[in-house]
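Just below is one structure, and these are the notes that go with it.
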Amino acid sequence: MRVRRTRGNQLEIYHYRQYVDERGLGRTKRLVKPGTQAADGVQSTITPIRNLDGRDREEMFSLHERYYDATTRDTFERDLSEKDAVVIIHHSGRIIGFSTYVVRQMKIGSETVHYLFSGDTVLHSARWGDPVLLRGFFRAAGEAKASIEGRLFWFCIIGGHRTFRILPNFFREFVPAIDNGPGSTDLLTIRDVIATARYGRFFDAVTGLVDFGPSQGHLRQEWADVAETASRNRFAAFFLRANPEYFRGVELACLAEFDTGNLKRYGAVSFAEGLGDGP
């Protein structure tokens, strides 16, 4: 997930006023919301950005730098300051994964919608395949949904096949997709409006790509392995066709709706838990 200045596991290049509605959207009722505790001691929590201490930030950047190239501490901190909260995964007192996010609203036609934009996202490679970070992410989305009126979408710009594969694995309908469903036109319209507002000339609605020119941060080549995976996974192959220059920080703009009817597998379960935890 970046765009920082942007990156695609996702960040932003523009500064936006944080929107907090009268019900407290973007705020957390406790300093750190308790999450899930796995049998092996892995814990997921949701923490407002303002409550991260120096050690948290140091551990997060160290983990991020291990997996991403063309990034600096300044750009990392800038992106962090633009987010509302972060899902953090701890193991034995250390941060082994995290995903930052912010929730915004936008008027599209006659409808006001909200979207959750996920920023820097990373999980230690020893935990790849472990759903702990995804569970925390969907739970956070459920809490965000409970804090608003109307529809909530996941808007993200993606520079890696692993993140892209979350869409077909956990959502029934999303864009872009190999097979477009009945709601694809509506989703593409919403995606394009959000992406254009956020990225302006850097976004191409025809390709769906966000291209900042010089990389603002991309997955290190030793961790990317998209070409190899594409030979055996059709969704990785689709991502590679849609974003052939991912290796220089180009991002693919994607959109899916957070709704119990559009979620499958344990994504729906964790989302429902978050709905129950909301206001």
Side-chain angles (χ1 to χ4, degrees), residues 1-2 8-10 35-36 38 42 44 46 85-89 97-103 113-123 125 127-146 148 151-184 186-188 190-191 194 208 219 226 229-230 232-240 242-243 251-278:
M1 330 133 182
R2 324 172 238 193
N9 246 171
Q10 302 128 274
T36 57
V42 174
S44 167
I46 301 172
V86 55
V87 177
I88 300 179
I89 309 303
F98 66 89
S99 182
T100 65
Y101 66 93
V102 64
V103 178
V113 303
H114 292 80
Y115 66 91
L116 183 153
F117 176 66
S118 50
D120 281 336
T121 300
V122 62
L123 181 66
S125 60
R127 289 280 171 175
W128 287 358
D130 186 328
V132 61
L133 183 55
L134 282 173
R135 282 198 298 263
F137 174 73
F138 282 114
R139 184 169 181 167
E143 292 188 10
K145 172 74 170 180
I148 66 165
R151 304 168 78 185
L152 176 67
F153 295 89
W154 180 28
F155 172 75
C156 51
I157 59 173
I158 296 177
H161 72 92
R162 292 183 184 85
T163 304
F164 178 78
R165 285 158 56 196
I166 293 172
L167 292 165
N169 286 338
F170 299 100
F171 291 89
R172 300 185 188 284
E173 194 160 9
F174 57 91
V175 292
I178 296 175
D179 303 309
N180 292 325
S184 295
D186 178 51
L187 290 177
L188 283 172
I190 295 171
R191 182 202 68 172
I194 295 173
L219 197 64
V226 62
T229 306
R232 61 180 185 276
N233 184 286
R234 69 190 186 107
F235 297 114
F238 175 80
F239 171 79
L240 185 57
N243 187 7
E251 312 280 357
L252 180 63
C254 302
L255 188 85
E257 184 168 5
F258 284 117
D259 182 82
T260 52
N262 194 41
L263 288 166
K264 52 187 178 180
R265 300 180 63 179
Y266 59 76
V269 174
S270 297
F271 182 73
E273 290 173 353
L275 283 173
D277 291 340

- request: Side-chain contact test, heavy atoms from C-beta onward, threshold under 4.5 Å: evaluate it for Val86 versus Ser99 and give yes or no.
  value: no
query: Looking at Phe137 versus Tyr101, is the centre-to-centre ring distance below 6.0 Å?
result: no
- line: Looking only at heavy atoms, the pair that brings Pro176 and Leu252 closest together is CG-CD2, 3.8 Å
query: Going by heavy atoms in the side chains, are Cys156 and Thr163 under 4.5 Å from each other?
result: no
Criterion side-chain contact (heavy atoms from CB on, under 4.5 Å) on Thr100 and Thr121, from CA distance to verdict: CA-CA 7 Å; Thr100 65; Thr121 300; 5.9 Å; no
query: Is any side-chain heavy atom of Phe238 closer than 4.5 Å to a side-chain heavy atom of His161?
result: no
message: For Val175 and Ile190: C-alpha separation, side-chain torsions, deciding distance, then whether side-chain contact (heavy atoms from CB on, under 4.5 Å) applies.
response: CA-CA 10 Å; Val175 292; Ile190 295 171; over 6 Å; no
query: Can you name the closest pair of heavy atoms from Ala141 and Leu152 and give their distance?
result: O-CD2, 3.6 Å
query: Hey, what do you get for CD1 (Ile148) to OH (Tyr115), rounding to the nearest 0.5 Å?
result: 12.5 Å
query: Sub-3.5 Å donor-acceptor pair from the side chain of Arg191 to the main-chain atoms of Ala253, do we have one?
result: yes
query: Taking Ile158 as the fixed residue, which of Leu167, Asn243, Ile166 is the one that meets the side-chain contact (heavy atoms from CB on, under 4.5 Å) rule?
result: Leu167
field: Spacing of Phe235 atom CZ and Leu240 atom CG [to the nearest 0.5 Å]
entry: 15.0 Å
Spacing of CD belonging to Glu143 relative to CD1 belonging to Ile46, to within rounding of 0.5 Å: 4.0 Å
message: I need the Ser270 OG to Arg139 CZ distance, nearest 0.5 Å.
response: 8.0 Å
- prompt: Any Lys/Arg nitrogen of Asp259 or Lys264 sitting under 4.0 Å from an Asp/Glu carboxylate oxygen of the other?
  reply: no
field: Step-by-step side-chain contact (heavy atoms from CB on, under 4.5 Å) determination, Trp154 to Phe174
entry: CA-CA 9 Å; Trp154 180 28; Phe174 57 91; over 6 Å; no
Straight-line distance of Arg265 CZ to Phe138 CZ, nearest 0.5 Å: 10.0 Å
query: Has the side chain of Asn262 got a donor or acceptor atom that lies under 3.5 Å from a matching backbone atom of Glu257?
result: yes
- prompt: Of the non-hydrogen atoms in Ala236 and Thr229, which two are nearest, and what is the gap between them?
  reply: CB-CG2, 3.9 Å
message: Could you report the tightest heavy-atom contact between Ala144 and Leu116, atom names first, then the distance?
response: CB-CD1, 4.4 Å
Parallel, tilted or perpendicular: rings of Phe271 and Phe258 (30°, 60°): parallel
- prompt: Taking C-beta and beyond as the side chain, do Phe98 and Ile89 meet within less than 4.5 Å on heavy atoms?
  reply: no
message: Can you tell me how far apart OG (Ser44) and CG (Leu133) are? Round to the nearest 0.5 Å.
response: 7.5 Å
- prompt: For Gly274, does its backbone N or O pair with a side-chain atom of Lys145 as donor and acceptor, under 3.5 Å?
  reply: no
query: Side-chain contact, heavy-atom cut-off 4.5 Å: Arg234 with Ile178?
result: yes
task: Kindly give the heavy-atom pair with the smallest separation between Gly159 and Phe239, and that separation in Å.
output: C-CZ, 3.6 Å
message: Using side-chain heavy atoms (C-beta onward) and a distance below 4.5 Å, is His114 in contact with Arg151?
response: no
- prompt: Does the side-chain contact (heavy atoms from CB on, under 4.5 Å) test come out yes or no for Glu173 and Leu187, once each step is laid out?
  reply: CA-CA 9 Å; Glu173 194 160 9; Leu187 290 177; 3.9 Å; yes
